[in-house]
Asks: 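Handing you a structure now.
Not measured: the values here are computed from a predicted model.
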Amino acid sequence: MLEEIIIKNGIVIDPEQDTIEVKEIGVRDGLLVAPQDISSSNVKYIDAEGCYVSPGFIDMHVHIFTEHTELGIEADLVGIEQGVTTVVDAGSSGYSDYSTFKEKVIKSSRTEVLSFLNISRKGLTNGSSELANLEDLMSLGEAKEIFEKEPSIVGLKARMSGSVVKNRGIKPLEHARMVADHINVPIMVHIGNPPPNLEEIFPLLRRGDIVTHAFHGKKYGILNAEGLLIPEAMEALKKGVLFDIGHGTDSFSYETLMKFRDKYDDSFTTSTDIYLKNYQNPVGSLMNTMSKLLELGIPLMEVVKTVTSRAAKSLSSSDIGTLALGTTADITIFKKIEQRTILTDSMGVELEASQILKPHMVLKDGKVVQL
């Protein structure tokens with residue numbers, strides 16, 4: 001028997017069509033279809049009055065390798081239970097432990113789990129200085145093998161800050177560049193405290209690569225003292241490198257983001273870098289992070305794009321982050337609640353918000369998940 005659903009009365013946000021309007025959404029056997037094509041007498045109606053209906057949200061930077069890393073938090077806790085249908089683990093696992101990650105996390109989660117594979121074989125399972133020993137770097141042969149076998153791996157992850165690379169400087173990223181070029185995948189690069197400096201990092205990046213923590217408020221970031229992009233960052237954007245928020249514990253500054261937006265018309269993605277120690281504060285959830293952007297004056301349509309169509313494009317996926325007919329019915333239904341809330345960035349700067357986004361319901365593969 002066909003399983004058919006119509007979502008009615010919701011305010012539908014379609015980031016690819018750039019529209020926000022009240023209309024119906026149809027689902028048949030897990031796929032999006034035109035509502036007029038549903039004719040079953042057993043159709044299930046979902047009344048989304050007072051809610052926004054969007055493609056399923058994507059959080060492209062999380063750490064969910066529970067039990068095997070100090071950071072790991074449950075995927076469903078920060079995923080489907082928070083209105084996020086797809087999460088991307090950003091380098092918690094490497095070549096050596098990916099099979100464990102697959103069994104313990106991917107297969108056991110209701111949330112769809114993708115991953116950027118750490119360029120270190122050990123990932124974060126052996127501490128947070130995984131790139132200090134060049135002998136631990138994944139070989140090209142190992143990369144070819146695992147990327148051919150595992151479709152859930154969407155790219156490489158390289159954390160390029162002093163505490164991670166120690167005295168190895170730019171060498172781990174040079175190696176990641178070589179591997180990525182040979183197997184044609186993007187690199188997600190974490191930036192933080194040097195060394196290496198951004199002047200060394202950015203020239204190694206190519207179209208489709210992602211800079212996470214792009215808007216941190218530490219010294220030696222993407223902006224100079226005058227609030228202008230350093231030349232290397234500007235050149236990276238021109239090449240098609242994507243900037244990602246990657247909120248984290250100390251990697252997102254309201255001031256840095258707004259200075260960037262004040263002078264540059266470049267798009268970015270929104271992710272949380274959520275893990276055990278920052279889950280309660282300052283991150284909270286992807287919708288909490290999105291609420292911060294709304295309070296900064298960024299329009300709802302753009303905020304939704306940063307976690308749907310734009311994120312999906314960065315992952316080279318055409319089946320998530322979309323409401324296109326025939327694609328998988330991953331849908332986030334959420335509300336904008338009038339509620340006084342203090343929203344804090346990673347620098348401790350507080351915003352007093354009058355409204356906040358809250359998850360109401362999701363459809364994952366066309367199946368309803370009540371929240």
Side-chain angles (χ1 to χ4, degrees), residues 15-16 55 57-62 86-91 93-95 112-120 131 137-138 140 143-144 146-148 150-160 170 172-192 196 198-215 222 229-246 251 260 264-273 302 305-322 324 327:
E16 293 174 301
F57 290 172
I58 303 163
D59 190 340
M60 54 188 284
H61 185 162
V62 302
T86 301
V87 297
V88 189
D89 186 274
S93 64
Y95 174 84
E112 181 174 359
V113 176
L114 306 175
S115 62
F116 286 99
L117 192 70
N118 203 308
I119 192 61
S120 166
L131 300 183
L137 296 179
M138 177 174 56
L140 176 57
K144 287 180 176 179
I146 197 166
F147 273 84
E148 287 175 2
E150 303 292 351
S152 293
I153 304 177
V154 295
L156 297 173
K157 175 72 183 293
R159 301 197 310 140
M160 299 306 296
I170 201 67
L173 184 57
E174 290 175 334
H175 180 76
R177 176 78 275 149
M178 179 275 293
V179 172
D181 286 347
H182 273 87
I183 61 176
N184 193 31
V185 298
I187 308 172
M188 175 181 274
V189 179
H190 152 130
I191 61 170
L198 296 186
E199 289 81 359
E200 298 176 271
I201 293 172
F202 280 126
L204 286 172
L205 304 185
R206 306 284 185 265
R207 173 176 293 277
D209 289 336
I210 301 157
V211 174
T212 193
H213 310 316
F215 307 107
I222 61 171
L229 282 171
I230 62 173
E232 293 80 5
M234 176 65 82
E235 187 61 29
L237 286 175
K238 289 179 180 178
K239 288 190 295 187
V241 174
L242 181 67
F243 285 179
D244 174 63
I245 285 180
S251 298
F260 173 80
Y264 305 99
D265 191 29
D266 290 274
S267 59
F268 61 92
T269 53
T270 299
S271 69
T272 60
D273 181 26
E302 183 176 355
K305 285 181 179 181
T306 69
V307 299
T308 55
S309 56
R310 208 174 285 167
K313 183 179 179 181
S314 74
L315 301 172
S316 299
S317 177
S318 60
D319 202 46
I320 57 175
T322 180
T327 60

Asks: Any idea which heavy atoms bring Thr270 and Val307 closest together, and the distance?
Replies: O-CG1, 3.6 Å

Asks: Considering residues at least two apart in sequence or located in another chain, which fulfil the salt bridge (Lys or Arg N to Asp or Glu O under 4.0 Å) criterion with Lys157?
Replies: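 Lys157 satisfies salt bridge (Lys or Arg N to Asp or Glu O under 4.0 Å) with no residue once adjacent residues are dropped.
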
Asks: Are Ile222 and Ile191 side-chain neighbours, meaning at least one heavy-atom pair lies under 4.5 Å?
Replies: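 When only atoms from C-beta onward are counted, Ile191 and Ile222 do touch, with a gap below 4.5 Å.
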
Asks: Listed by chain and number, what are the salt bridge (Lys or Arg N to Asp or Glu O under 4.0 Å) partners of Asp181, not counting sequence neighbours?
Replies: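 Arg177.
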
Asks: I'd like to check Met138 versus Leu156 (side-chain heavy atoms, cut-off strictly below 4.5 Å). Are they in contact?
Replies: yes

Asks: With rounding to the nearest 0.5 Å, note down the distance linking CZ in Phe116 to CE in Met188.
Replies: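 The distance works out to 4.0 Å.
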
Asks: Of all residues at least two apart in sequence or in a different chain, which pass the ring pair (Phe, Tyr, Trp, His ring centres under 6.0 Å) check with Tyr264?
Replies: Phe260

Asks: Please give me the minimum heavy-atom distance between Gly321 and Ala312, naming the atom from each residue.
Replies: CA-CB, 4.3 Å

Asks: To the nearest 0.5 angstrom, please state how far the CD1 atom of Ile153 sits from the CG atom of Leu117.
Replies: 4.5 Å

Asks: Flag the pair Val185 / Phe147 as yes when at least one side-chain heavy-atom distance between them is below 4.5 Å, and no otherwise.
Replies: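 With C-beta onward as the side chain, the pair touches.
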
Asks: How close do Leu204 and Asp209 get, counting heavy atoms only, and between which atoms?
Replies: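 Smallest interatomic distance, heavy atoms only, reads O-OD2, 4.5 Å.
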
Asks: Side chain of Arg310, backbone of Thr308: donor and acceptor closer than 3.5 Å?
Replies: no

Asks: Look only at the side chain of Thr322 and the backbone of Asp319, and say whether a donor-acceptor pair between them is shorter than 3.5 Å.
Replies: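 A pair under 3.5 Å: no.
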
Asks: To the nearest 0.5 Å, what is the distance between CG on Leu242 and OG1 on Thr212?
Replies: 9.5 Å

Asks: For the CD1 atom of Ile320 and the CD1 atom of Ile58, what is their distance to the nearest 0.5 Å?
Replies: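 Nearest 0.5 Å value for the CD1-CD1 distance: 4.0 Å.
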
Asks: Got a sec, which residues hit side chain to side chain contact (heavy atoms under 4.5 Å, CB included) with Glu232, two or more places apart in sequence or on another chain?
Replies: Glu199, Phe202, Pro203, Ile230

Asks: To the nearest 0.5 angstrom, please state how far the OG1 atom of Thr272 sits from the CD1 atom of Ile245.
Replies: 10.5 Å

Asks: Applying salt bridge (Lys or Arg N to Asp or Glu O under 4.0 Å), name anything that partners Glu200, two or more places apart in sequence or on another chain.
Replies: none

Asks: Quick check for you: to the nearest 0.5 Å, what is the distance between Leu173 atom CG and Met160 atom CE?
Replies: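 Going from CG on Leu173 over to CE on Met160, the span is 5.0 Å.
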
Asks: Met60 and Ser314: which non-hydrogen atoms are nearest, and at how many Å?
Replies: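 Taking Met60 first and Ser314 second, the nearest heavy atoms are CE-OG, 3.3 Å.
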
Asks: List the residues meeting ring pair (Phe, Tyr, Trp, His ring centres under 6.0 Å) with His190, not counting sequence neighbours, and say none if there are none.
Replies: His213

Asks: So which heavy atom on Leu137 is nearest to which on Pro172, and how close?
Replies: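 So the two residues come closest at CD1-CA, 4.2 Å.
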
Asks: Which heavy atom of Met178 sits nearest a heavy atom of Leu140, and at what distance?
Replies: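 Of all heavy-atom pairs spanning Met178 and Leu140, the closest is SD-CD2, 4.2 Å.
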
Asks: Counting only heavy atoms not in Arg206 (residues, nucleotides, ligands), do more than 12 fall under 6.0 Å from its CZ?
Replies: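 Above 12, so yes.
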
